[in-house]
Peer 1: 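For reference, the structure I am asking about is given below.
Note: hydrogens, waters and symmetry copies are ignored here, and every other heavy atom, side chains too, is used.
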Amino acid sequence: HPYTMLVYGLLHIHEQGGHIGLNALRAEAAMAFKPAMLPMAISFVLFGGCMGLLVGSIVDKQRKLIYAQHEHEKSKVVLETLNQLMVTLSHYLLNANTVIGGKARQCQKKGSTSDILPDLKVIEDQAKKIDAVIKALREITEVKTVLYSTGGTAKMIDITQEIEARLRQMKKAQEKAHE
């Protein structure tokens with residue numbers, strides 16, 4: 001309050017066309033800061049301090065709330081991505097494992113070695129596919145998703161092209177090795 005009185009007094013002198021000199025400043029300061037004003041100044045300081053603490057507390061809580069919402073959104077995205085990864089792994093690895101298991105059971109039932117060779121080739125191909133899936137997921141740089149099934153809402157990471165490219169590379173490497 002004393003500062004307000006000082007500014008008001010100086011503005012009043014200026015509005016009346018007077019010169020704000022050192023003497024005018026001293027006179028206004030003496031009026032604004034005299035000992036009788038001390039209780040008023042203390043009450044205004046306490047009031048201003050309390051209001052500052054209150055506003056600061058509100059702003060801090062708002063900042064913390066925004067930060068918590070941001071962290072929640074980030075964790076939500078991470079969980080959604082992890083869910084998509086699990087659907088993708090389940091799709092490719094379980095499909096390949098089903099074929100491997102079925103062919104292994106067929107090999108057990110067959111008697112002659114020549115009958116087993118085609119099934120062993122299928123088992124080998126599916127094992128290569130599992131390797132390609134793992135490598136594709138390990139080296140993924142962009143996440144594209146597709147629906148896992150036509151009627152569902154679950155999404156999986158679309159790595160079909162990467163798997164096929166890796167399988168072609170493996171086939172070329174195998175052909176070169178046999179030459």
Peer 1: Can you tell me how far apart NE2 (H70) and NE2 (H72) are? Round to the nearest 0.5 Å.
Peer 2: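 H70 NE2 to H72 NE2: 12.5 Å, rounded to 0.5 Å.
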Peer 1: Could you give me the CA-CA distance, side-chain angles and deciding distance for M170 and Q174, then say whether side chain to side chain contact (heavy atoms under 4.5 Å, CB included) is met?
Peer 2: CA-CA 6 Å; M170 287 179 190; Q174 189 178 24; over 6 Å; no
Peer 1: Would you say the side-chain atoms of T81 pair up with the backbone N or O of V77, donor to acceptor, closer than 3.5 Å?
Peer 2: yes
Peer 1: Any ion pair linking K172 and E175 (charged N to carboxylate O, less than 4.0 Å)?
Peer 2: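 Looking at E175 and K172, the cut-off is not met.
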Peer 1: Can you tell me which residue among K128, K121, K129 is in a side-chain hydrogen bond (donor to acceptor under 3.5 Å, both in side chains) with D125?
Peer 2: K121
Peer 1: What about I130 and I159, same hydrophobic cluster or not, with Ile/Leu/Val/Met/Phe/Trp/Tyr joined at side-chain heavy-atom distances under 4.5 Å?
Peer 2: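 Yes; tracing contacts between hydrophobic side chains, which count when under 4.5 Å, links both residues.
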Peer 1: Among side-chain atoms of K103 and Q106, is any donor-acceptor pair under 3.5 angstrom?
Peer 2: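 Q106 and K103 do have a side-chain donor-acceptor pair below 3.5 Å.
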Peer 1: For the atom pair CZ (R168) and CZ (R166), what is the distance rounded to the nearest 0.5 Å?
Peer 2: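 Separation between the atoms: 11.0 Å.
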Peer 1: For the residue pair R63 and D60, what are the closest heavy atoms and their distance?
Peer 2: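 Heavy atoms only, the tightest pair is NH2-OD1, 2.6 Å.
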Peer 1: Side-chain heavy atoms under 4.5 angstrom apart, residues restricted to Ile, Leu, Val, Met, Phe, Trp, Tyr: same cluster for L89 and V99?
Peer 2: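 Cluster IDs for L89 and V99 differ.
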Peer 1: A side-chain contact here means heavy atoms from C-beta on lying under 4.5 Å apart; do Y92 and V87 qualify?
Peer 2: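 SC-SC contact between Y92 and V87 ruled out.
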